[in-house]
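Each remark here refers to the structure printed beneath this line.
Residue numbers start at 1 and run along the sequence shown.
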Amino acid sequence: MAMWIQAQQLQGEALHQMQALYGQHFPIEVRHYLAQWIECQLWDSVELDNPAEEAKAKRLLENLVGELQKKAQLQGGEDGFLLKIKLGHYANQIKSTYDRCPLELVRCIKHILHSEQRLVQEATDVSVKGSRMEICCWRHQQINQSFEELRLATQETENELRKLQHSQEYFIIQYQENLRIQAQLSSLSSLPQAERTQRETTLQSKRTTVDAWLTREASTLQKYRLDLSEQHQKTLSLLRKQQTLILEEELIQWKRRQQLAGNGGPHEGGLDVLQSWCEKLADLIWQNRQQIRRCEHLTKQLPLPGPMEELLSKLNADITDIISALVTSTFIIEKQPPQVLKTQTKFAATVRLLVGGKLNVHMNPPQVKAVIVSEQQAKALLKNESTHSESSGEILNNNCVMEYQQATGTLSAHFRSMSLKRIKRSDRRGAESVTEEKFTVLFESQFSVGGNELVFHVKTLSLPVVVIVHGSQDNNATATVLWDNAFAELGRVPFIVPDKVLWPQLCDTLDTKYKAEMHSGRGLSEDNMVFLAQKAFTNSSNNPEDSRNMTISWAQFNRESLPGRNFTFWQWFDGVVELMKKHLKPHWNDGAILGFVNKQQAQDMLLSKPNGTFLLRFSDSEIGGITIAWVAENPNKPGERLVWNLLPYTTKDFSIRSLADRISDLNHLLFLYPDRPKDEVFAKYYTPPLSKAVDGYVKPQIKQVVPEFTTPNPEPSGGAPTFMDQTASPSVSLPNNFGVFPSIDTILDPDGDFDLDDTMDVARHVEELLRRPMANQWSSQQS
């Protein structure tokens with residue numbers, strides 16, 4: 001119910017999109033009167049691709065119909081009479097529509113609820129989308145207004161065509177009357193002279209009148225035809241203009257948003273509104289085409305001198321071109337294949353024909369084929385050069401029949417289990433690596449409309465894909481895709497991108513990617529961008545203005561290694577993203593990780609803070625590493641304060657023990673920079689204390705220590721813990737130590753001296769172990 005209340009408050013284009021979700025397949029009145037019941041059902045628990053779930057969907061259908069009937073029966077009084085009838089009608093309508101396909105009802109309602117949720121979420125977003133939405137709303141209003149003008153113009157030409165048809169039919173009747181009079185005049189020779197003269201005078205007078213009328217009417221008919229032809233020309237001009245606006249602006253913008261979504265940008269939005277516009281275009285174009293065909297028929301039925309035949313031939317060619325452009329342009333990829341495509345790995349994609357339902361293409365469902373082609377083959381395709389049967393690899397399960405979903409009115413082909421079996425690479429240019437080579441998946445199909453009257457061969461190319469054969473190539477392949485998605489220009493030759501871009505442009509791209517991976521509104525700050533600029537351009541400027549007009553090349557981004565390192569700028573950044581995404585996302589979103597701080601900056605920041613203050617920064621020397629820097633007394637020189645840096649942690653370390661637990665282990669870490677007590681920040685992420693012994697066994701405990709800063713740590717109940725020394729202070733470069741013996745504290749007496757008896761016990765135990773045969777040792781350890 002809460003969702004529906006919010007949905008009713010949508011305004012402008014969002015309201016229009018919400019209304020477009022409903023129709024005969026699912027009336028909006030049903031959504032309104034059963035809002036609470038609908039939102040309480042577990043629609044998402046039904047697996048649409050699993051036939052075994054049909055029984056569950058059937059129960060939901062029956063319950064929905066039952067709720068509607070119950071709601072109808074509750075309506076009383078004069079005001080409720082019509083509503084009672086209407087709700088009862090909807091109950092019967094939904095039952096008859098979905099009785100044989102209850103899963104389609106679930107699909108329909110899931111689509112509606114998810115779309116409403118997206119629209120409500122977008123409407124409540126408090127970012128700068130407000131002004132853009134106003135512009136978008138204004139543009140959509142213009143489109144809808146143009147559709148109304150086209151509808152009226154088409155209705156007017158239809159009325160004029162009917163008048164022309166009636167006038168022509170009457171003209172033909174009069175023409176036949178004229179022929180009859182001529183026949184009568186010809187037959188007068190057999191009559192007596194007196195009677196013949198009288199009859200002839202009458203018939204001649206009548207013939208003269210009819211001839212004069214036919215002459216005038218022929219001129220009028222010709223003028224009607226020319227006027228109607230001119231009206232059709234104007235309508236076609238409006239149609240072409242409207243189609244250009246929808247296909248070359250709205251649809252292209254949707255495709256651009258789809259491409260940017262590959263970098264983590266906002267979701268491209270649903271296709272429902274675009275499809276409704278394209279269907280309106282198809283309907284209007286088809287109506288005008290039928291009108292022009294009828295005009296051609298009338299012209300052939302009654303030929304009159306003049307240019308009509310040529311005019312109608314041109315109109316027919318123009319309208320055919322318009323509908324061809326509409327059909328071929330609305331064959332689109334709704335769900336793109338993965339842009340980093342690994343061989344021998346299953347992947348999916350979905351193509352959709354936005355006008356398929358309106359043109360009844362589904363009456364003879366077409367088949368769609370997918371092939372992978374190279375960049376050069378893609379260029380040839382766009383130039384209409386023949387590339388029939390050419391491909392650059394072999395895709396398994398690459399044929400799919402388009403399916404029509406009556407509930408949503410969509411005609412789509414869902415490729416669910418494609419797999420790239422092999423790839424044929426081309427000769428690479430210069431320093432280009434295999435992860436810079438771009439391919440694309442070509443989807444093509446052929447179908448007819450209007451009873452084989454028009455046959456269309458449609459094709460569409462996916463976003464560029466980079467093919468890899470091993471997971472180690474994923475990092476560099478992602479860089480190629482990221483650069484292409486961000487900086488591709490509209491209407492480009494496949495798949496040309498600029499070699500250099502402005503630094504702020506790349507910053508926007510990295511920020512978008514970072515926020516998407518963190519699922520957070522906390523992206524990269526201006527200080528973070530300064531740090532990245534220092535790394536990319538190897539300078540030390542702290543002024544963001546210094547890099548604002550600088551350009552960064554592809555080579556600097558991911559071909560040339562950073563100075564003194566064996567990795568590129570992108571490889572370092574992507575390593576940070578992967579580490580954060582897998583292990584540290586909550587801490588970034590909490591603001592606990594500064595991250596983009598170099599060693600000197602960390603030292604300057606910490607030396608002004610009390611001992612025990614620490615911060616977390618990304619390692620400069622290791623991909624996907626993060627280190628703890630803290631300020632403390634120099635144990636070798638009392639009174640001197642130093643900033644210490646732990647050896648960087650990586651994904652491997654955090655798979656053993658989390659960052660929060662590691663920070664908890666280190667008692668010398670007291671305050672997270674600038675002055676937040678560490679428990680206040682990290683306590684909610686600490687692993688709970690281990691439980692007591694179960695079945696006589698005590699669980700060991702892994703803990704981290706830094707030898708130079710080891711201090712007594714309160715122990716949880718259940719006996720003395722076992723330590724694993726994970727990392728030492730990088731300032732002294734101590735190796736990792738993994739202890740498996742009790743802590744030294746357990747064999748010290750209260751005064752800090754060795755307890756000889758305990759020490760001898762340990763020694764005797766070790767000696768006994770060494771005397772045992774190996775098999776006995778193994779069996780005793782297993783027990």
Side-chain angles (χ1 to χ4, degrees), residues 146-184 206-243 279-327 355 358-360 363 448-456:
S146 296
F147 270 126
E148 182 61 19
E149 292 174 9
L150 281 165
R151 187 190 68 80
L152 293 174
T154 302
Q155 185 61 51
E156 186 177 348
T157 51
E158 175 66 27
N159 294 337
E160 292 298 319
L161 181 56
R162 287 176 182 173
K163 289 180 184 178
L164 174 62
Q165 185 175 349
H166 293 156
S167 297
Q168 183 166 312
E169 288 171 353
Y170 187 67
F171 181 91
I172 292 172
I173 291 171
Q174 293 302 312
Y175 182 76
Q176 293 298 325
E177 176 65 15
N178 189 43
L179 292 177
R180 189 180 65 81
I181 292 172
Q182 288 183 19
Q184 288 178 342
K206 193 172 183 181
R207 178 185 175 185
T208 302
T209 303
V210 173
D211 279 345
W213 185 89
L214 288 173
T215 302
R216 290 195 310 272
E217 192 62 19
S219 177
T220 303
L221 283 175
Q222 189 71 323
K223 185 176 183 303
Y224 279 171
R225 289 177 177 180
L226 289 171
D227 289 346
L228 186 56
S229 176
E230 187 177 338
Q231 283 181 277
H232 274 129
Q233 285 178 335
K234 291 179 180 178
T235 303
L236 261 59
S237 178
L238 287 174
L239 280 169
R240 191 178 282 107
K241 182 180 178 182
Q242 182 81 328
Q243 182 162 295
E279 287 178 339
K280 286 179 183 178
L281 270 174
D283 193 29
L284 289 164
I285 292 169
W286 197 257
Q287 286 182 48
N288 279 273
R289 186 174 186 274
Q290 294 302 100
Q291 289 179 14
I292 293 169
R293 297 291 296 277
R294 283 159 59 194
C295 286
E296 287 182 321
H297 175 71
L298 291 175
T299 301
K300 290 176 181 177
Q301 186 185 45
L302 182 62
L304 294 173
M308 277 308 302
E309 191 171 337
E310 292 80 5
L311 285 173
L312 288 173
S313 177
K314 184 177 184 307
L315 283 173
N316 197 26
D318 288 347
I319 197 78
T320 302
D321 287 345
I322 292 173
I323 197 168
S324 296
L326 177 66
V327 172
V355 295
K358 181 59 68 174
L359 296 179
N360 293 322
M363 302 303 288
S448 61
V449 299
N452 294 325
E453 189 179 335
L454 295 173
V455 178
F456 297 103

Less than 4.5 Å apart, any side-chain heavy atom of Trp286 and any of Val449?
-> yes

Checklist entry - Would Arg207 and Gln184 count as having a side-chain donor-acceptor pair, cut-off 3.5 Å? => result no

Interatomic distance, NE2@His232 vs CZ@Arg225, rounded to 0.5 Å, equals 13.5 Å

Across all chains, not counting sequence neighbours, the salt bridge (Lys or Arg N to Asp or Glu O under 4.0 Å) partners of Glu177 are Arg180, Lys206

- So, Gln242 side chain and Ser146 main chain: donor-acceptor pair closer than 3.5 Å or not? no

When you compare the side chain of Gln165 with that of Gln301, does any pair of heavy atoms fall below 4.5 Å? no

- Would you sort out whether Leu161 and Leu298 count as a side chain to side chain contact (heavy atoms under 4.5 Å, CB included), showing the intermediate values? CA-CA 10 Å; Leu161 181 56; Leu298 291 175; 3.9 Å; yes

Here the gap from Gln243 atom CD to Leu326 atom CG, rounded to the nearest 0.5 Å, amounts to 4.5 Å

_Residue pair Thr220 / Phe171, side-chain heavy-atom distance below 4.5 Å_ = no

Could you go through the side chain to side chain contact (heavy atoms under 4.5 Å, CB included) check for Arg294 and Glu158 one step at a time? CA-CA 10 Å; Arg294 283 159 59 194; Glu158 175 66 27; 3.1 Å; yes

message: Go through it in stages, so that I can follow the logic: the residues are Ile322 and Asn288, the test is side chain to side chain contact (heavy atoms under 4.5 Å, CB included), and I'd like the CA-CA distance, side-chain angles, deciding distance and then a yes or no.
response: CA-CA 11 Å; Ile322 292 173; Asn288 279 273; over 6 Å; no

NE2 of His297 to CD of Gln290, rounded to nearest 0.5 Å, is 13.0 Å

Any heavy-atom pair between the side chains of Asp283 and Glu279 that's under 4.5 Å? no

Between Tyr175 and Val210, is a side chain to side chain contact (heavy atoms under 4.5 Å, CB included) present by the stated rule, with each step listed? CA-CA 8 Å; Tyr175 182 76; Val210 173; over 6 Å; no

Separation between OG (Ser229) and CD (Gln222), nearest 0.5 Å, reads 10.0 Å

Throw together a table of side-chain donor-acceptor distances under 3.5 angstrom for residues 303-320, partners on residues two or more places apart or in other chains.
unit_1, atom_1, unit_2, atom_2, d
Lys314, NZ, Asp318, OD2, 3.0
Thr320, OG1, Asn316, O, 2.8

Distance col, row Asp321:CG vs Ile285:CD1, nearest 0.5 angstrom, shows 11.0 Å

Quiz item: Considering only heavy atoms from C-beta outward, does the side chain of Thr235 approach that of Gln287 to under 4.5 Å?
Solution: no

Q: With the side chain counted from C-beta on, respond yes when Gln155 and Leu152 share a heavy-atom pair under 4.5 Å apart, and no when they do not.
A: no

Closest non-hydrogen atoms of Leu228 and Cys295, given as atom of the first, atom of the second and distance, are CD2-SG, 3.5 Å

Ring pair (Phe, Tyr, Trp, His ring centres under 6.0 Å) filter on Tyr170, not counting sequence neighbours, yields Trp213

dist Glu296:CD -> Thr299:OG1 (nearest 0.5 Å) comes out at 7.5 Å

Sequence neighbours excluded, the answer for side chain to side chain donor-acceptor pair (under 3.5 Å) partners of Gln231 is Glu156

Hits for side chain to side chain donor-acceptor pair (under 3.5 Å) against Glu217, two or more places apart or cross-chain, chain-then-number order -> none

Across all chains, not counting sequence neighbours, the side chain to side chain donor-acceptor pair (under 3.5 Å) partners of Asp211 are Asn178

Flag the pair Ile323 / Leu454 as yes when at least one side-chain heavy-atom distance between them is below 4.5 Å, and no otherwise.
-> yes

Margin query: Donor-acceptor pair, distance only, cut-off 3.5 Å: does the side chain of Thr157 make one with the backbone of Ala153?
Written below: yes

message = Take a 6.0 Å sphere around OH of Tyr224 and say whether it holds more than 12 heavy atoms from other residues, nucleotides or ligands.
response = no

Is any side-chain heavy atom of Leu164 less than 4.5 Å from a side-chain heavy atom of Leu221? yes

